[in-house]
Amino acid sequence: MPKYKAPRGTYDILPGESYKWQYVRALFRQTARLFNYREIETPIFEDSNIFERTVGDTSDIVEKEMYKFQDKKGRIFALRPEGTASVVRAYIENGLHVKNNTSKLFYLGPMFRYDRPQKGRHRQFYQYGIENIGSVSPYIDAEVIALADHFLKKLGLENYQLQINSIGCENCAKDYDKALQEYFSSYRGELCADCQKRLDKNPKRILDCKVKSCQKIAVDAPSMLDYLDNDCAANFQALQAHLEEMEISFKINHRIVRGLDYYTQTAFEFVDNNLGAQNTLIGGGRYDGLIKKLGGKDQSGIGFAGGFERLLLAMKTEKIGFATEDIPDLYFVNIGSKAQKTGIKIMQELRQNDVSVEFDPDRTSISSQMKAANRAGAKFCLILGEDELVKKRVILKDMASGVQHEYPLDSIISEIRNRLASS
RNA sequence: GUGGAUGUAGUUCAAUGGUAGAGCACUGGAUUGUGGUUCCAGGCGUUGUGGGUUCAAGUCCCAUCAUCCACCCCA
């Protein structure tokens with residue numbers, strides 16, 4: 001019936017939900033700070049080349065999911081489909097490497113992909129993520145994972161699993177792709193149509209296929225882990241050792257293939273199987289060529305990103321509570337216009353003293369004002385009528401207990417402040 | 001991009017092709033100076049939109065848009 005609706009795949013975060021978002025965002029910021037990451041905000045649109053050159057121009061994201069548009073000068077921009085490329089661009093452009101050898105950055109905000117909406121998937125969705133640029137130490141891989149794990153635990157989630165893999169450096173990956181192509185070629189006719197395409201374009205994806213006949217064939221496919229060179233293998237071993245030191249449980253899943261082209265070596269996912277088809281809570285990995293590709297020094301980086309929607313879904317299925325919804329401290333109930341005048345002055349003063357006050361001038365009867373106070377969840381009611389005005393007193397009522405007392409007008413502010421402080 | 005299901009009041013849902021209804025929520029009152037319980041009263045909403053079939057369409061058909069779920073992809 002409404003004339004206008006939110007665009008497909010987008011949605012409004014309404015007051016009944018927004019406090020949950022505040023809560024998870026605050027928790028992520030806190031967690032990032034524990035590990036000394038600092039917040040960065042980048043534009044939500046960028047030169048589309050930034051994504052096309054890094055995410056991979058054969059990936060679905062740039063092939064069909066980007067919101068691209070031209071501005072009045074004909075420049076081609078894209079709404080950011082992910083965060084890493086933008087952060088790295090900002091890192092290079094602002095010379096952040098000069099200040100420190102390594103940069104530890106986190107971000108949060110909306111991302112955009114022209115996808116078919118489904119559970120846990122939207123066209124405008126909200127991600128949080130971190131990037132650690134400049135270090136090649138596998139300890140950092142472990143610490144990045146630890147941060148993600150810490151965050152999920154802090155939220156109270158329990159039903160997730162960490163899966164790790166190494167997809168090797170560029171050289172290992174090449175050898176491995178070749179090996180896969182050799183292996184799967186002999187089964188070409190038995191693979192599904194999609195996998196036949198994947199065989200030429202991106203053979204690793206066959207390992208991920210959900211078609212049963214493909215899975216059967218994939219069981220005996222060569223493992224990436226056998227194709228890692230000495231460095232990559234050592235790093236992967238070191239990562240596992242660090243995770244064990246940190247007592248973070250994980251599972252090696254050599255079928256993790258991150259979708260974005262820039263990933264190398266460490267790849268990991270936090271998966272929650274109660275979420276439905278879109279079950280990746282957090283995904284991340286190391287990206288070695290990315291910084292150079294965007295015009296920076298030959299540095300390495302590692303990071304992850306997670307979707308807030310899926311986080312909220314997981315919290316819902318695990319029945320985890322949030323910090324309470326915002327409610328007013330006080331509701332002002334007035335009877336008569338004279339009382340209202342005095343009340344307005346008191347409210348002004350209360351708000352200047354950090355007391356939140358609600359008042360509805362459209363409600364006249366005291367009964368209806370009390371009802372509204374109750375519904376708003378106010379802790380106290382301030383009741384002011386003609387009688388009190390004459391006595392220069394006001395009534396303060398505790399809504400939970402129903403107990404009320406009169407106080408002199410000139411002491412009410414401090415009385416309320418004391419009562420709120422002790423409640 | 002593909003497939004399936006679904007679109008009726010703010011919301012959750014009813015209505016053998018024949019005058020569009022209920023619960024919850026909301027507003028007012030009972031209580032003209034006191035909330036939560038209770039009772040009473042208050043509902044035209046282009047039945048998502050546009051066509052078509054029919055004497056007659058919320059109901060059947062087509063298209064379109066949207067939602068949900070899955071494929072795909074990914075956070």
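What you are looking at is a predicted structure, and each value in this text was computed from that prediction instead of being measured. Letters A, B, ... are given to chains in the order of the sequence lines, protein chains preceding strands, and every chain is numbered from 1.
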In whole Å, measure the gap between the C1' atoms of B/G4 and B/G43 for me. 35 Å
Helical stems, RNA chain B - three or more consecutive Watson-Crick or G-U wobble pairs below 3.5 Å: B:1-7 with B:65-71, B:10-13 with B:21-24, B:26-30 with B:38-42, B:48-52 with B:60-64
Nearest heavy atom decides the nucleotide; on that basis, is A/Glu65 or A/Ala6 closer to the 5' end of RNA chain B? A/Ala6
Please tell me if A/Gln118 has a side-chain N or O lying less than 4.0 Å from either OP1 or OP2 of B/C69. no
Below 4.0 angstrom from OP1 or OP2 of B/A75, is there any side-chain N or O of A/Arg123? no
Can you tell which of A/Leu152, A/Asn279, A/Leu157 makes a side-chain contact (heavy atoms from CB on, under 4.5 Å) with A/Phe270? A/Leu152
Short side-chain to backbone donor-acceptor contact, A/Arg38 and A/Phe106, under 3.5 Å: no
Using a 4.0 Å heavy-atom cut-off across all strands, classify A/Ala373 as base, sugar-phosphate, or nothing. nothing
P spacing across the pair B/C44 / B/C62, given as an integer number of angstrom: 34 Å
Check this one for me: any side-chain N or O of A/Arg116 less than 4.0 Å away from OP1 or OP2 of B/A70? no
Is the shortest side-chain N/O distance from A/Ser367 to OP1 or OP2 of B/U32 below 4.0 Å? no
Does A/Ser368 put a side-chain nitrogen or oxygen below 4.0 Å from OP1 or OP2 of B/G28? yes
Rounded to whole Å, please give me the gap between CZ in A/Arg121 and P in B/C72. 10 Å
Just call it for A/Leu311: base, sugar-phosphate, or nothing, with non-hydrogen atoms closer than 4.0 Å on any strand. nothing
Which is true for A/Lys64 with a 4.0 Å heavy-atom rule: it touches a base, it touches only sugar-phosphate, or it touches nothing? nothing
According to a strict under-4.0 Å criterion, is A/Arg198 in side-chain N/O contact with OP1 or OP2 of B/C73? yes
Axial cation check for A/Tyr114 ring with A/Arg123, 6.0 Å and 45° limits: yes
